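Below you'll find the structure, written out as structure tokens, and then a few comments.
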Amino acid sequence: MNISRRRFLRLLSGAGVTISAHDWLFPRLEAYANERLAYGDLRGPGFTSFSRSVCRDCPNHCSLAMRKVDELPVGLRGTPWHPASLGALCVAGQSQMQALFDPDRLERPLQRPDAGAAAQAVEWDEGIQVLDERLRGLLSSGEGEKIAVVDGRTPSLGTRLLESWVRSIPGARYIPLRIEHALDRLVRQFLGGGAGGRLRFDLARAGTLLLVGSEILEHDGSPVTQMRTHGDRRENPLLSHAPTLYLGARQSPTAVQADYWIPCQPGREHEILLALAEALSKEHPQRDSILPEYARWISDALDPVGFARRYSLESVARRNRLDVEELEAAVRALRRFHPAVTLPGPGILRRPNGFSDAFAGLALNLWTDGFREEGGLSWGRDPLTDLTQELGLGPPGEADPASLSNILDPLFEIQRSPVDVLICVEANLVHELPGQDQIARALSHIPFVASFSTHEDETSRLSHVTVPTLIDLESWDLPSAAWGSPEASLQVQRPALVPVVEGRAVEDVVLGLASAGVAGPGFSPGAENWKDTVKAAVELIVERREGDLVDADGRRTLESASASAAVRSLVSGRSVWVAPSEPGARAEESEAGAEAVGGRGVRPERPPRLTDLAPNQLWLIPFDTPAVQRGRVLNRPMMMEISGMTHGLAWESWVEIHPVDARPRRIVTGDRVKIRGPRAEISTRAIVTRGVTPSVVAAPVGFGHEAFGSVAAGRGANPLKLPFAVLDKRTGAPAWGPVPVFLLKA
Amino acid sequence: MAKELSGSELKTRRWGMAVDLDRCTGCGACVAACKVENNIPESSPEEAQMGRVLRWIRVARREEPEGDRASVSLYPALCYHCGNAPCTLVCPVHATYKGIDGLVGQIYARCIGCRYCMAACPYTVKVFNWSEPRWQPELRAHTNPEVSLRYRGVVEKCTFCSHRLQRARDDAAVEGRDVREEDYQPACVEVCPAKALTFGDLDDDHSGAATARRSPRGYQLLEELGTDPAIVYLNRRERRV
Amino acid sequence: MSESRRSPADRDEPLYRPIEHTGAGFYLTAALLMAVVLFGVYQYVNQFRLGLGVTGMNQPVTWGFYIINFVFFIGISHAGTLISAILRLNQAEWRRPITRMAEVITAIVLLIGGLHPLLDLGRPDRMLNIFKWGRLQSPLLWDVMCITAYFAASTVYLYVPMIPDIAKLRDRGTRPRWLYDFLSWRWKGTPRQRQVLNRAMNILMVLVIPVAVSVHTVISYIFAMTLTAGWHSTIFGPYFVVGAIYSGIGALLVIMIVFRKVYRFERYLKLVHFANLSKLLLVMSIIWFYLTFSEYLTGFFGREPAELAVMMFKLSGPYAVPFWLMVLLNFVLPVAILSRKRTRTIPSILVVSIGVVVGMWLERLIIVVPSLAVPYVDFPSHPYWPSLTEISLFAAAVALFWLGFMVFAKFFPLISIWEIEEGREVAIEEASSRIAGYLPDEPDTPVPEGTGRAER
Amino acid sequence: MMYRLFIDTWAFATGVLLFIGWLMMVAIRWQDAFNWTLAISLVMTPVYLTVAGTLTYVFIGLRRGASEEETRP
């Protein structure tokens, strides 16, 4: 056969096309085929997949695995790779799905002409525009100090971004609303430690463990880890006979687990602690040098002798209705089982004089060096510190504990606001701070309030613009705690599913504002949008993994030499104690009480005496429990059912009272009771139990939402209505305090 | 590759649990896990008022008064899968029965809702669907497909997550081996932060559950009734200083 | 005397009157009762749609009104057959005007009581599973068996002695003819037929008594077979049977007094009948108290914590009021009133017997609920209050009972006529001869060989 | 029509007996408390038989009695 040129060329070109196709087309076809056929076969009906994210309800930041069947999320589980949780997950973490699919979630920003008015939903850009204008105005006029941002979230790269954005604006205030910060700061002041670091108590190394207002098994730091270490401690043959003592007015689950519960009248913990310290210090070399420090600071019994008399076991036991044998037993235990350590927890700061208790608690540690030497006390350096710098977010600043009260106090006294713009980021001030109505009134005096929140909560109702935020399962972030811990692991929070609500992360809003020029000079984030920022951060960490994650020098051992110096530094400076006015006080009286917060009429710090109680009056002690989390998780039906479970309650709040107080009032478990405090009256169910000390009414904090979704709203009562709005100036802790109340059957 | 076995060829076991009261802090994580895993519907506040909250596992609180104080203990209470189960004796339609490996099963599709088993259970762990189950509208679609949804008028209770056991048995059968202990764990055990729950085969002397059962601290709830519960509690060590 | 001169037919005229003449009062009452029943039906349909959530039952208290009423009604049912059978067996002559009513009560109440477990079902639509998957091991199935048997036996036992009366109605030509025609089975009263009837009745009497006893024993077993504190007790069988007979007699007395008034049976139901029955009531009351006492004493003396908790819950706890009310109505009142001849008047008997019926209902309540409300383990207990559904269904059941009784009275005589006649004709001689048989023989008569069995 | 009751009686009795039989079969199939089933059914069966028997006896007896009455002169 003969081939014509034309035909030859055709063949040639055909061959060329085929060859080129072989390189370019076939791989794609193959890939497509794989995608379509092979992979398609693989994921038949019922195909189960897991996508991971991080729960940030508590600082433990357990990592979650969302189980999906046919791409449909069907539940959350812990991941066994997480160093702290090892596959476990607490109640709140498991209920996140319900928050995710809550029909009441905000989808678009809400705007109000003025606080308290009816809100109308606006477009995203509109909502942010309002914020933009406000801030821009203040920036242009150089009044940065009129901006304040309250951040209620657990620490993460996101909070750091927000922080550095705020700090970049000269004078603007960034206020983290977290009690752990206060405690860390206090401890740091006393025991030293790196800035932005976090102190960790390794229970597994403690001999005697004396818990003061510290619910380690519930919500101090990381419940999951603490529970584990506690359990292991019980198994540890060396420590299996070492006791755990719990000092407090209520037998919390932690106290239930403790071997010994020393019930004491609320606000008198420090007395008992000092008594123990006194008893222990008998043979201590530094006794004479240190005791005067206490004496001076406690501001009575100036001479060591008087101190010794006042804080002898006998007198303290008498004042607290305890057997002296009990205290002696405690002393014996502290002497015998070394190393002994005292844990002053956040709970102890929830009081106007909580500082003194915490201080006294720490004071005991002076005699417990062994614990430190064994590495039981360690200082976790927070890698975010360096990381944020490398990301161009600048160094983290030290939050001023008094700043929030500095803002609120003037509002209580003279209704003139020190700030023009208050931005609350997932911080429901009205619900979580004591003196609800006071706070609400205070907010109403601020010219412009903006709130970032998933639901329309009490604070958003009083804010001019409310911006929706994302649930942890939908958003990007880099939580700090987990990989700040010595047993480190890189953990990235990322969307576990397509966002249920089309929304924006807080950080994206911030970056948007920044890129629009609403930011200080120093602020230069790596990327335009939040997702890329997180990714950049992750890359950085992976680069410097060794340097960061195994922080050898991060741990600091503490020098007892610095102790007395620390005492001195603590003693100088003044904190606030407002004496609760007489019950049934009229409005103006309570105003007067509130004014005291501003600094006028301040009394020397002193725990409330039992004589402060009028006849048949009781101490109300609001307590914080992880199944309620100050109301932050109550928009999930599961939490509503589980929170009161051990008392056989669901969808309800309660108060715990002792039979001694219940009998004369003819109250039995399940009755409705009224609690009348100096400021307000609440009604809830009573649980008669011997798990509290006599003359105490213990109430969980967080119920009684007025907004925050249909599930949470109007269930139970909020005990924080009763106390005055007191924010401890030294610790910045909202002082729930023991409040004298009347209890009667409804 | 061993040859495939049929379900009946697998070694029969007696699955049981040990609850260490020294570790249990009553945090309720097990309750939450159970609710999610087994599609237990939500309750309305009104139902809660009447005491109709559906729970397969709950955290009970016991107080023994000691003068002014009480020694409080918190412990998870769930179906005890009794070796000699009173509920299975009285069921008129064979809806609750002793299933594979001594698990007490419940056939929702057959239960006529006479609630005799609830009355007969000395541990009050069975619950009844008083009305149509309810979920958040969106969450209804996100229930666990491995566990059937129950409807109004039937009794239900903890099954030790028998669907997990079923899967473990299938895998084992395919691979031609017996079910290993690590293959199968109920959701509550898996999630417990304090590791207070140990799950295993009570017949196998080396399993955690069996050893716990032998320990001097171990006791069974209402042992005197002779129901032989498969769950053993480890009493708290008395270590008063 | 004037009686004897009149012909037998019209002598018992008053007994036919309710069947042949129907007044407006009847329709009025029937309509009223019907309304109550219909409301109950409506409520049940509601429950069927929405589930048992419409009742007041809750987590520990999983059995409520329905089971209580079930036990209560079945208890009432012992009125009839058992009593009439016993009386017939030992030939108590005063039984004649009573037996029929008693048997009717049984038949009707059994029907109603038997329905209650179905009301209690969470899934009535799956009721047939009992037939498909039933397990005879379950005491519930024992109930099904016993109650069916008892119902069968007692209806037969009601029907067979009624045949002669039906025949009479047939002969009078009362409408509907076909019914009496069909049911009377060509009864002519020939000696052969009488003999057959008597023999059948004797067999049935002997059969019915053990069945009746078994029924309530088995119902008590529903509770006693569980391990629940307060239920798990051996005395429950006899305790329930006694209670059943007790409440049965109470109900019978109420019915008798009411219909005596309505249908003017004063000439048939005389004070002596009530006196005798109320003596029986008194005896039962004492036996009941004896059993209650021993039941509680054993529980109390043992100091078994769970038992004690339940008991305290009844004696001094939330159920103290019903408990002591029960003691008052079931023991104090009957003994106080019935033990004295002077107070044994018809009105007071009515009061007492109503009290007994109420008291026995309370007893069922006290047996069923507290044991559930106080479980072994510490479980948050919730108070049990019946909802409107449960209450209205109870009302409907009671109404249905009265309605049923009225309707029966419209078709068949409430007092067995032929037995009355038989009484008039043969009973006196028979009785006197029997009594003569009891007396010691004259010294001169030779000792009779064989057994001195009284002739019938 | 006359035999209606007669038939019903036996239908009822045999129905119950069949039911008991079926339950025994179920018990065997499920290997579930056969001994109980046997015991209970042994108690119940005669009861139904006696009831049905008596009723039959009555029906037949009465009819016989009636007819013999008619044959009499």
Side-chain angles (χ1 to χ4, degrees), chain A residues 46 69 72-78 85 87-91 94-95 97-98 101-103 217-218 223-224 227-228 230-231 234 240-241 243 245 251 253-254 256-257 259-261 263 329-330 332-333 500 626-627 637-638 641-642 645-652 658 660 689-691 694 715, chain B residues 20 22-29 31-33 35-37 39 42-49 51 53-55 58-61 63-74 134-139 141-146 187 190-196 236-241:
Chain A
V69 175
L72 199 69
V74 297
L76 296 174
R77 293 180 182 177
S85 73
L89 206 54
C90 75
V91 195
Q94 296 181 54
S95 64
M97 285 262 291
Q98 295 190 331
F101 293 102
D102 187 349
L217 300 187
E218 292 171 272
V224 171
M227 283 193 213
R228 174 83 32 72
H230 168 76
R234 286 294 181 81
S240 58
H241 293 295
L245 306 131
Q251 196 171 15
T254 309
V256 168
Q257 270 307 308
D259 302 293
Y260 197 54
W261 172 43
R332 268 203 308 284
V500 176
M638 188 188 285
E641 281 182 14
I642 293 182
M645 171 180 53
T646 49
H647 288 311
L649 291 176
W651 294 86
E652 271 191 299
H658 194 277
V660 171
T689 167
R690 288 179 168 75
R715 310 250 175 258
Chain B
D20 189 341
D22 253 352
R23 283 171 169 268
C24 175
T25 62
C27 68
V31 185
K35 269 186 170 299
V36 174
E37 176 78 11
N39 304 331
E42 295 157 12
S43 68
S44 72
E46 297 70 33
E47 285 172 329
Q49 279 283 329
V53 182
L54 291 186
R55 282 195 202 103
R58 66 192 172 88
V59 177
R61 177 187 172 97
E63 281 187 19
E64 278 111 19
E66 294 174 353
D68 245 9
R69 311 182 198 166
S71 78
V72 179
S73 57
L74 301 160
R134 195 186 313 90
W135 279 273
Q136 275 175 13
E138 288 81 358
L139 274 175
H142 296 272
T143 48
N144 180 1
E146 290 180 350
E190 181 184 78
V191 85
C192 177
K195 292 276 168 280
R236 298 186 54 196
R237 296 191 186 83
E238 197 58 38
R239 293 184 311 165
R240 288 303 161 85
V241 294

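Every chain is numbered from 1, with letters handed out A, B, ... down the list of sequences. Owing to the predicted nature of the structure, the values given are computational and were not obtained by experimental measurement.
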- prompt: Relative to chain B, which of Pro637(A), Ala650(A), Gly75(A) shows the most heavy atom pairs under 4.5 Å?
  reply: Pro637(A)
message: If you count heavy-atom pairs within less than 4.5 Å of chain B, which of Gly78(A), Gly87(A), Pro103(A) leads?
response: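 Looking at each option in turn, the highest pair count goes to Pro103(A).
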Under 4.5 Å from any heavy atom of chain A, what part of [X] do you find: side chain, backbone, both or neither?
| X | value |
| --- | --- |
| Asn39(B) | neither |
| Glu190(B) | both |
| Ala196(B) | neither |
| Val31(B) | both |
| Cys27(B) | both |
| Glu42(B) | both |

message: Taking the basic N atoms (NZ, or NE/NH1/NH2) and the acidic carboxylate oxygens, is any pair closer than 4.0 Å for Glu37(B) and Arg77(A)?
response: yes
Side chain / backbone / both / neither for Met638(A) at chain B, heavy atoms under 4.5 Å: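 Answer is side chain: those atoms of Met638(A) sit under 4.5 Å from chain B.
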message: For Thr646(A), give me all partners under side-chain contact (heavy atoms from CB on, under 4.5 Å), at least two apart in sequence or on another chain.
response: Val59(B), Arg61(B), Leu74(B)
Are any side-chain N or O atoms of [X] and backbone N or O atoms of [Y], one a donor and one an acceptor, separated by less than 3.5 Å?
| X | Y | result |
| --- | --- | --- |
| Gln94(A) | Ala29(B) | yes |
| Glu138(B) | Asp102(A) | no |
| His658(A) | Asp68(B) | yes |

query: Quick one: does Arg69(B)'s side chain get under 4.5 Å of Gln251(A)'s, heavy atoms only?
result: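 Sidechains of Gln251(A) and Arg69(B): no contact.
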- prompt: Side chains of Glu63(B) and Thr689(A): does their closest heavy-atom pair fall under 4.5 Å?
  reply: yes
query: Which one of Cys192(B), Pro65(B), Pro137(B) has the most heavy-atom pairs closer than 4.5 Å to chain A?
result: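 Counting heavy-atom pairs under 4.5 Å, the top option is Pro65(B).
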- prompt: Can you list the residues that meet the side-chain hydrogen bond (donor to acceptor under 3.5 Å, both in side chains) rule with Trp651(A), with sequence neighbours excluded?
  reply: Ser43(B)
